Amino acid sequence: MEYFPDPQNQQVYADIAYRIGHIILEYDKQVKSNYKFESTLHLISLQNLLTINAEYTRDMLRKKNILAETILSNNKVWGISLENIYTTYHEKLTLATVLKRMRNSVSHPTIIDLDADYLSTGYCTIKDNSNIIKEFIFVDSIDVINGKLKQYDEKRALELMRQKRIKNLPADVEYSKEKQCLIKDGDPYYRIFKIKLNIDDLRELVLRLSEYLAQPIQANWDGITITELKNIKAA
């Protein structure tokens with residue numbers, strides 16, 4: 001189909017999401033060599049889909065936000081489980097929360113040193129002994145810049161303290177004038193979300209998100225039901 005505009009651009013972006021899913025499946029069929037680029041393809045696709053999700057699902061999901069209602073557990077959903085995640089953000093871990101954090105990671109990346117005391121927002125890869133990418137790590141860290149804790153003046157810190165629920169801070173987080181940073185139990189505290197996904201889990205996430213965002217191009221879609229799209233299936 002071609003791209004036809006509608007008031008919320010749902011048709012345009014749903015069709016892009018649908019095509020991304022098909023591109024991945026066609027790539028799997030056609031690329032036979034050992035020198036494959038599936039990790040790069042999955043990452044590029046994820047960046048696009050996360051942007052669409054952040055900007056357009058508010059209009060798309062007028063009746064029911066399935067992502068916000070899907071609370072994560074140790075059982076994988078879309079390739080994601082609690083076992084993959086470490087976080088100090090004080091918030092409910094739903095699919096919507098995770099996708100928001102991952103979008104920050106891929107949209108505002110900085111250099112990540114996994115051995116540093118404090119991780120900056122961004123993403124990196126882990127390779128196996130054959131120098132092939134086996135995992136991606138995505139980080140969203142609002143209180144760190146270039147591997148260093150943000151320093152807050154007292155006025156800004158008090159503002160954060162007043163807005164703990166909005167700013168995803170635990171109730172026992174305080175401000176240290178001496179260190180000019182947030183502290184918890186006397187130690188520096190910073191908000192960080194980190195998720196590790198292997199290539200198969202990343203592929204599953206991309207395909208499921210593609211399927212989800214493509215719903216508006218289905219005939220007579222009711223705005224609620226998420227049905228499997230033809231040919232958008234994991235191998």
Side-chain angles (χ1 to χ4, degrees), residues 20-21 23-54 67 70 72-89 91 93-150 168 188-210 212 234-235:
I20 285 174
I23 288 170
I24 290 173
L25 295 177
E26 287 301 314
Y27 177 89
D28 290 343
K29 293 177 185 177
Q30 296 180 27
V31 177
K32 303 298 183 182
S33 70
N34 293 325
Y35 196 58
K36 297 175 66 176
F37 297 94
E38 66 267 28
S39 58
T40 302
L41 174 61
H42 295 162
L43 179 61
I44 293 170
S45 301
L46 180 66
Q47 289 174 312
N48 196 308
L49 291 170
L50 288 174
T51 298
I52 294 173
N53 179 64
L67 299 184
T70 303
L72 296 175
S73 68
N74 288 332
N75 297 319
K76 285 185 180 180
V77 178
W78 290 14
I80 296 173
S81 75
L82 290 180
E83 295 177 340
N84 304 126
I85 297 171
Y86 170 78
T87 184
T88 61
Y89 280 93
E91 60 191 0
L93 279 176
T94 65
L95 267 179
T97 301
V98 169
L99 294 179
K100 173 185 175 182
R101 298 284 166 222
M102 291 186 72
R103 196 237 174 171
N104 291 343
S105 171
V106 299
S107 298
H108 310 288
T110 60
I111 296 174
I112 293 182
D113 178 3
L114 294 178
D115 295 323
D117 292 331
Y118 306 107
L119 296 183
S120 301
T121 295
Y123 59 91
C124 64
T125 60
I126 297 177
K127 298 180 179 180
D128 62 19
N129 293 332
S130 302
N131 206 36
I132 295 174
I133 294 172
K134 65 175 184 177
E135 292 176 324
F136 277 90
I137 294 178
F138 302 90
V139 177
D140 180 25
S141 181
I142 196 172
D143 298 311
V144 178
I145 297 178
N146 296 325
K148 296 181 179 180
L149 282 180
K150 280 186 181 178
N168 305 307
Y189 167 87
Y190 75 114
R191 289 163 286 183
I192 178 176
F193 170 91
K194 180 171 69 174
I195 183 169
K196 181 188 294 185
L197 296 178
N198 63 37
I199 299 303
D200 290 337
D201 289 338
L202 183 59
R203 179 180 185 273
E204 176 69 9
L205 173 59
V206 170
L207 287 175
R208 297 286 74 80
L209 187 55
S210 169
Y212 172 72

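Note that the structure is predicted; figures quoted are calculated from it, not measured. If you read the sequence from its start, that first residue is 1, and numbering goes on from there.
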Check your understanding: Are the side chain of T125 and the backbone N or O of F136 linked by a donor-acceptor pair below 3.5 Å?
Key -> no

Would you mind writing out the side-chain donor-acceptor pairs for residues 111-118 within the sub-3.5 Å range, not counting sequence neighbours?
from: D113; atom 1: OD1; to: D115; atom 2: N; distance (Å): 3.0

Point to revise | Backbone of V77 reached by a side-chain donor or acceptor of S81 within 3.5 Å | key: no

Point to revise | Test item: V106 and F138 side chains (from C-beta on) under 4.5 Å apart, heavy atoms | key: yes

Practice item. Would you mind telling me which of R191, K148, K150 makes a salt bridge (Lys or Arg N to Asp or Glu O under 4.0 Å) with D143? Key: R191

Practice item. Taking the side chain as every heavy atom from C-beta outward, state whether V98 and F193 have any pair of such atoms under 4.5 Å apart. Key: yes

Point to revise | CG-CG distance between N53 and L95, expressed to the nearest 0.5 angstrom | key: 9.5 Å

Check your understanding: Any side-chain heavy-atom pair from I80 and I85 closer than 4.5 angstrom?
Key -> yes

Review point. Do L202 and L46 have side chains that get closer than 4.5 Å, going by heavy atoms?
Key: yes

Point to revise | side-chain contact (heavy atoms from CB on, under 4.5 Å) between I195 and N84, worked out | key: CA-CA 5 Å; I195 183 169; N84 304 126; 4.0 Å; yes

Exercise for review: Could you tell me whether a side-chain N or O of H42 sits under 3.5 Å from a main-chain N or O of E38, the two making a donor and an acceptor?
Suggested key: yes

**Study point:** Which atom of L49 lies closest to which atom of V206, heavy atoms considered
**Key:** CD1-O, 3.5 Å

Point to revise | Nearest-0.5 Å distance, CD1 of residue I133 to CG of residue D128 | key: 10.0 Å

Check your understanding: Heavy-atom distance under 4.5 Å between the side chains of L93 and L82, does that happen here?
Key -> yes

**Study point:** Within-4.5 Å side-chain heavy-atom neighbours: T88 and Y190
**Key:** no

Practice item. Take I192 and Y86, measure what side-chain contact (heavy atoms from CB on, under 4.5 Å) needs, and give me the verdict at the end. Key: CA-CA 8 Å; I192 178 176; Y86 170 78; 3.8 Å; yes

Check your understanding: Yes or no on side-chain contact (heavy atoms from CB on, under 4.5 Å) for T94 and T97, after CA distance, side-chain angles and deciding distance?
Key -> CA-CA 5 Å; T94 65; T97 301; 3.1 Å; yes

Review point. Just one of R203, E135, M102, E204 clears the side-chain contact (heavy atoms from CB on, under 4.5 Å) bar with L197, so which one?
Key: M102

Exercise for review: Without swapping roles, check the side chain of S141 against the backbone of L119 for a donor-acceptor pair under 3.5 Å.
Suggested key: yes

Exercise for review: Could you walk me through whether N168 and I142 pass the side-chain contact (heavy atoms from CB on, under 4.5 Å) test, one step at a time?
Suggested key: CA-CA 11 Å; N168 305 307; I142 196 172; over 6 Å; no

**Study point:** Under 3.5 Å donor-acceptor, S105 side chain and G122 backbone
**Key:** yes

Exercise for review: Measure the shortest side-chain to side-chain distance between I132 and K127 over non-hydrogen atoms and say whether it is less than 4.5 angstrom.
Suggested key: no

**Study point:** Close side-chain approach of Y212 and L67, heavy atoms under 4.5 Å
**Key:** yes

Point to revise | Any donor-acceptor pair under 3.5 Å from S39 side chain to I199 backbone | key: no

Exercise for review: Give a yes or no on whether the backbone of R103 and the side-chain of S107 come within a donor-acceptor separation of less than 3.5 Å.
Suggested key: yes

Check your understanding: Judged by atom type as modelled, is there a donor-acceptor pair below 3.5 Å linking the side chain of N48 to the main-chain atoms of S45?
Key -> no

Review point. So, does S73 use its side chain to make a donor-acceptor pair with the main chain of N75 at under 3.5 Å?
Key: yes

Point to revise | Heavy-atom donor-acceptor pair, T110 side chain to S120 backbone, under 3.5 Å | key: no

Review point. Just how far is it from atom CD1 of I137 to atom OH of Y123, taken to the nearest 0.5 Å?
Key: 13.5 Å

Review point. Roughly how far, to the nearest 0.5 Å, is CG of N146 from CG of L149?
Key: 12.5 Å

Check your understanding: So, is the end of the R101 side chain (NZ or CZ) under 6.0 Å from the ring centre of Y89 and within 45° of the ring's axis?
Key -> yes

